[in-house]
**Q** 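Below you'll find the structure I mean.
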Amino acid sequence: MTRKTLFITGASSGIGAETARAAVENGWNVGLFARSADKLADLEKELGAYALALPGDASSLEEQTDAMAKLAGHFGDVNAAFANAGTGLSQSGTRKGDPEEWELLVRLNVLGVLWTAKAASAYFVKNRGHLLLTGSAAGRTHIKGSVYGASKWFVHGYGGNLAEEFREWGARVTVIAPGMVDTPFFDEGKPDKLKPEDIARSVIFAMNADPRADVREVFVMPVN
């Protein structure tokens, strides 16, 4: 069976890296996109011939578009894309928040998702592909003054809008919405919370659904 190909932003660590490992184990090729070239090179070496390191900045449409073209040239197509790259803020709230940090967050958490969708759509309109977006429990509830949470509300709303657009081509869209995950996103470890591999399994679940089934959202919360 021909292996399909998945493009992952934020692939150098955490959820992105674990999703790459799970995808290769489940018969996919993976394109590893992130700014950390050294970490991508190590992951590519670990995963072998089924992985391609694609260093780049997810806040750039040009860099995402070029990376997908390289991936398609290497493996033959781009069948799925996981808009996973994201960032948080050092200070919460509006009054105490840093506008410069907000701008960086919007570029990655909002525009970065738009760029993945835009670049991937060129492939999906032809191959009935699958777009996955990292949302959050923070995008499903109101949190006092949370600009980060608002960026994830965008992901959830846009994901639903995309699903209605992409279904016209037979393509699918899934928002993966985790609660707190023990990843490098946090300065301190969260050992009693979800692990990146829990979220990676959710991505694989959505991608492996029968083509007639459009899994619109997978919402995963830690038991504790």
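Hydrogens, waters and symmetry mates are skipped; everything else that's a heavy atom, side chains included, is used.
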**Q** Between Gly56 and Glu63, which heavy-atom pair has the shortest distance, and what is it?
**A** CA-OE1, 3.3 Å
**Q** Kindly determine whether Val30 and Leu43 satisfy side-chain contact (heavy atoms from CB on, under 4.5 Å), including the steps that lead there.
**A** CA-CA 11 Å; Val30 291; Leu43 186 56; over 6 Å; no
**Q** Using 0.5 Å steps for rounding, measure from the OH atom of Tyr158 to the CG atom of Leu133.
**A** 8.0 Å
**Q** Under 3.5 Å, side chain of Arg3 to main-chain N/O of Trp28, donor-acceptor pair present?
**A** yes
**Q** Quick check: are there more than 12 heavy atoms from other residues, nucleotides or ligands sitting under 6.0 Å from CZ of Phe219?
**A** yes
**Q** Any chance you could measure Thr116, atom OG1, to Met68, atom CE, to the nearest 0.5 Å?
**A** 5.5 Å
**Q** Which pair of heavy atoms, one from Pro196 and one from Asp182, lies closest together, and at what distance?
**A** CD-O, 3.5 Å
**Q** Could you measure the distance from the CG atom of Leu104 to the CG atom of Asn109? Nearest 0.5 Å is fine.
**A** 10.5 Å
**Q** What distance separates Phe166 CZ from Ser121 OG, expressed to the nearest 0.5 Å?
**A** 5.5 Å
**Q** A side-chain contact here means heavy atoms from C-beta on lying under 4.5 Å apart; do Val110 and Ser151 qualify?
**A** yes
**Q** According to a 4.5 Å side-chain heavy-atom criterion applied to Ile, Leu, Val, Met, Phe, Trp and Tyr, with indirect links allowed, do Ile8 and Val218 form part of one hydrophobic cluster?
**A** yes
**Q** When you look at CZ of Arg21, are more than 12 heavy atoms from neighbouring residues, nucleotides or ligands closer to it than 6.0 Å?
**A** yes
**Q** Between Phe205 and Ile15, is there a shared hydrophobic cluster once you connect ILVMFWY residues whose side-chain heavy atoms come closer than 4.5 Å?
**A** yes
**Q** Any donor-acceptor pair under 3.5 Å linking the side-chain atoms of Asp77 with those of Thr5?
**A** no
**Q** Does Ile176 reach the side chain of Ile199, with side-chain heavy atoms less than 4.5 Å apart?
**A** yes
**Q** Indicate the atoms forming the closest heavy-atom contact of Val78 with Phe124, along with that distance.
**A** O-CE2, 3.5 Å
**Q** Give the cluster check for Val125 versus Leu162: same hydrophobic cluster or not, with ILVMFWY residues linked at side-chain heavy-atom distances below 4.5 Å.
**A** yes
**Q** Just checking Arg216: does its CZ atom have more than 12 heavy atoms from other residues, nucleotides or ligands closer to it than 6.0 angstrom?
**A** yes
**Q** Please determine whether the number of non-hydrogen atoms from other residues, nucleotides or ligands lying under 6.0 Å from atom CD of Glu46 exceeds 12.
**A** yes
**Q** Are there more than 12 heavy atoms of other residues, nucleotides or ligands under 6.0 Å from atom CD of Glu100?
**A** no
**Q** Report, one line per pair, each donor and acceptor closer than 3.5 Å where one atom sits in a side chain of residues 31-39; sequence neighbours left out.
**A**
none

**Q** Is there a path from Trp153 to Trp102 through hydrophobic residues (I, L, V, M, F, W, Y) whose side chains come within less than 4.5 Å of each other?
**A** no
**Q** Quick check for you: to the nearest 0.5 Å, what is the distance between Asp98 atom CG and Leu89 atom CG?
**A** 8.5 Å
**Q** Has Gln91 got more than 12 heavy atoms of other residues, nucleotides or ligands less than 6.0 Å from its CD?
**A** yes
**Q** Counting only heavy atoms not in Tyr50 (residues, nucleotides, ligands), do more than 12 fall under 6.0 Å from its OH?
**A** no
**Q** Would you check if there is a donor-acceptor pair between the side chains of Thr9 and Gln64 at a distance under 3.5 Å?
**A** no
**Q** To the nearest 0.5 Å, tell me how far His130 NE2 sits from Asn208 CG.
**A** 10.0 Å
**Q** Is a side-chain N or O of Glu44 found less than 3.5 angstrom from the main chain of Ala53, in a donor-acceptor match?
**A** yes
**Q** If hydrophobic clusters are built from ILVMFWY residues whose side chains come within less than 4.5 Å, do Trp115 and Leu108 share one?
**A** no
